**Student:** 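Got a structure for you, questions after.
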Amino acid sequence: AQIRLKKFDSAYDHLNTALEQWAILDNWYEWANALYAMGFLEFKRQHIEDALYWYDQALKKSKKVEDEAKREVLQAEIYKSIEEAKA
């Protein structure tokens with residue numbers, strides 16, 4: 001919500017906290033999702049190279065998601081966002 005409201009600094013802080021927590025908990029799905037959200041934040045900031053970096057990190061983490069359905073949906077969203085960022 002903060003990203004859509006253009007509260008980028010606040011969104012960045014919250015996402016950083018989320019990344020730390022999901023890493024500690026070893027929750028690959030939520031960790032990858034938070035990385036993806038960080039990419040979306042950078043895309044909205046028009047920092048395309050940074051967005052692509054975060055999307056790549058999200059894609060790497062998503063490969064460890066055990067739930068196949070969740071993994072496939074998340075990866076599809078990441079690939080779609082990568083293509084959008086490259087357009």
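Predicted model, so just to flag it, every value in this text is computed and none were measured. Scope of the values below: all heavy atoms of this structure, side chains included, with no hydrogens, waters or symmetry mates.
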**Student:** Going by the rule side-chain contact (heavy atoms from CB on, under 4.5 Å), which residues pair with A85 if we only count those two or more places apart in sequence or in a different chain?
**Tutor:** F43, I48, L52, Y55
**Student:** Sort and list the pairs that fulfil side chain to side chain donor-acceptor pair (under 3.5 Å) and have at least one residue in residues 18-41, not counting sequence neighbours.
**Tutor:** Y36-S81
**Student:** Under the rule for salt bridge (charged side-chain N to carboxylate O under 4.0 Å, His left out), what residues qualify as partners of K64, not counting sequence neighbours?
**Tutor:** none
**Student:** Find the distance between CE (M38) and CG (L35) and round it off to the nearest 0.5 Å.
**Tutor:** 8.0 Å
**Student:** Hydrophobic clusters here meaning ILVMFWY residues chained together by side-chain heavy-atom distances under 4.5 Å, can you tell me if L15 and I24 are in one?
**Tutor:** no
**Student:** What residue pairs, at least two apart or across chains, pass side chain to side chain donor-acceptor pair (under 3.5 Å) with a residue in residues 68-77?
**Tutor:** S62-Q75
**Student:** Please identify each residue that fulfils side-chain contact (heavy atoms from CB on, under 4.5 Å) with D13, with sequence neighbours left out.
**Tutor:** none
**Student:** Report the residues that fulfil side-chain contact (heavy atoms from CB on, under 4.5 Å) with E42, sequence neighbours left out, ordered by chain and then residue number.
**Tutor:** Y12, R45, H47, D50, A51, W54
**Student:** So which atom in I78 and which in L59 form the shortest heavy-atom distance, rounded to 0.1 Å?
**Tutor:** CD1-N, 3.9 Å
